[in-house]
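Worksheet: one structure, shown below.
Everything numeric here is computed off the predicted structure, so don't read it as measured data.
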Amino acid sequence: MRILSPRDGGKIQLLRSSDRAARLAVRADDAAPAHRQFFSFVARDLDGPCEFEIANAGACTYGDAFEGYRVCASTGADDEWFRVPTDF
């Protein structure tokens, strides 16, 4: 598995990964270092279902906003987005 962080709004840091799991962290905003909330990333070379953990979600600027949130995902093949089961 490879994790890529897009330049525009990526704000993700890879802490640890294995074949089917990755532990990630949301980085602070470049223009406002006290702000940490939005993130995106690309996962490549996946072999089946995977699990992604955002280790510091509760420490984000609006950490409570993640309660009840369902992450958006895309296979990239057709640009159609869908929601995936998410635990907080």
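Interatomic distance, NZ of Lys11 versus OG of Ser40, reported as 9.5 Å (0.5 Å rounding). Interatomic distance, CZ of Phe38 versus SG of Cys60, reported as 10.0 Å (0.5 Å rounding). The structure places CG of Leu14 at 6.0 Å from CD1 of Ile3, a figure rounded to the nearest 0.5 Å. Annotation: the span from Arg20 atom CZ to Glu51 atom CD amounts to 12.0 Å, rounded to 0.5 Å. Note that CH2 of Trp81 and OG1 of Thr75 are 9.5 Å apart. Values are rounded to the nearest 0.5 Å.
Atom CZ of Phe88 has more than 12 neighbouring heavy atoms from other residues, nucleotides or ligands inside a 6.0 Å radius. Summarising the local packing, CG of Asp47 is surrounded by 12 or fewer heavy atoms from other residues, nucleotides or ligands at distances under 6.0 Å. Around the OH atom of Tyr62, the shell of radius 6.0 Å holds no more than 12 heavy atoms that belong to other residues, nucleotides or ligands. Shown here is Arg16, whose CZ atom has no more than 12 heavy atoms of other residues, nucleotides or ligands within 6.0 Å.
In this structure, the side chains of Arg70 and Thr86 come closer than 4.5 Å at one or more pairs of heavy atoms. Considering only heavy atoms from C-beta on, Leu4 comes within 4.5 Å of Arg44 through its side chain. Contact annotation: the side chain of Met1 never approaches that of Ser18 to less than 4.5 Å [non-hydrogen atoms, C-beta and beyond]. Two residues are said to be in side-chain contact when any heavy atoms from C-beta on lie closer than 4.5 Å; Ile12 and Ile54 meet this criterion.
Because its NZ or CZ atom is not both nearer than 6.0 Å to the ring centre of Phe52 and within 45° of the ring axis, Arg23 does not count as a cation-pi partner of that residue.
Minimum interatomic distance between Glu80 and Ser74 (heavy atoms only, all atoms of both residues): O-OG, 3.5 Å. Shown here for Ala65 and Gln37, the closest heavy-atom pair between the two residues is CB-NE2, 4.2 Å. The two atoms that bring Arg36 and Val26 nearest to each other are NH1-O, 2.7 Å, heavy atoms only. Scanning all heavy atoms of the two residues, the minimum distance from Arg27 to Ser5 falls at NH2-OG, 3.7 Å.
The backbone N or O of Ala32 lies less than 3.5 Å from a partner atom in the side chain of Asp29, making a donor-acceptor pair.
Two different hydrophobic clusters hold Leu46 and Leu15 under the rule that ILVMFWY side chains link at heavy-atom gaps under 4.5 Å. When hydrophobic clusters are built by joining Ile, Leu, Val, Met, Phe, Trp and Tyr residues whose side-chain heavy atoms come closer than 4.5 Å, directly or via intermediates, Phe82 is not grouped with Val42.
Between Phe66 and Tyr69, the ring planes are perpendicular. Angles over 60° get that label, and only those under 30° would be called parallel.
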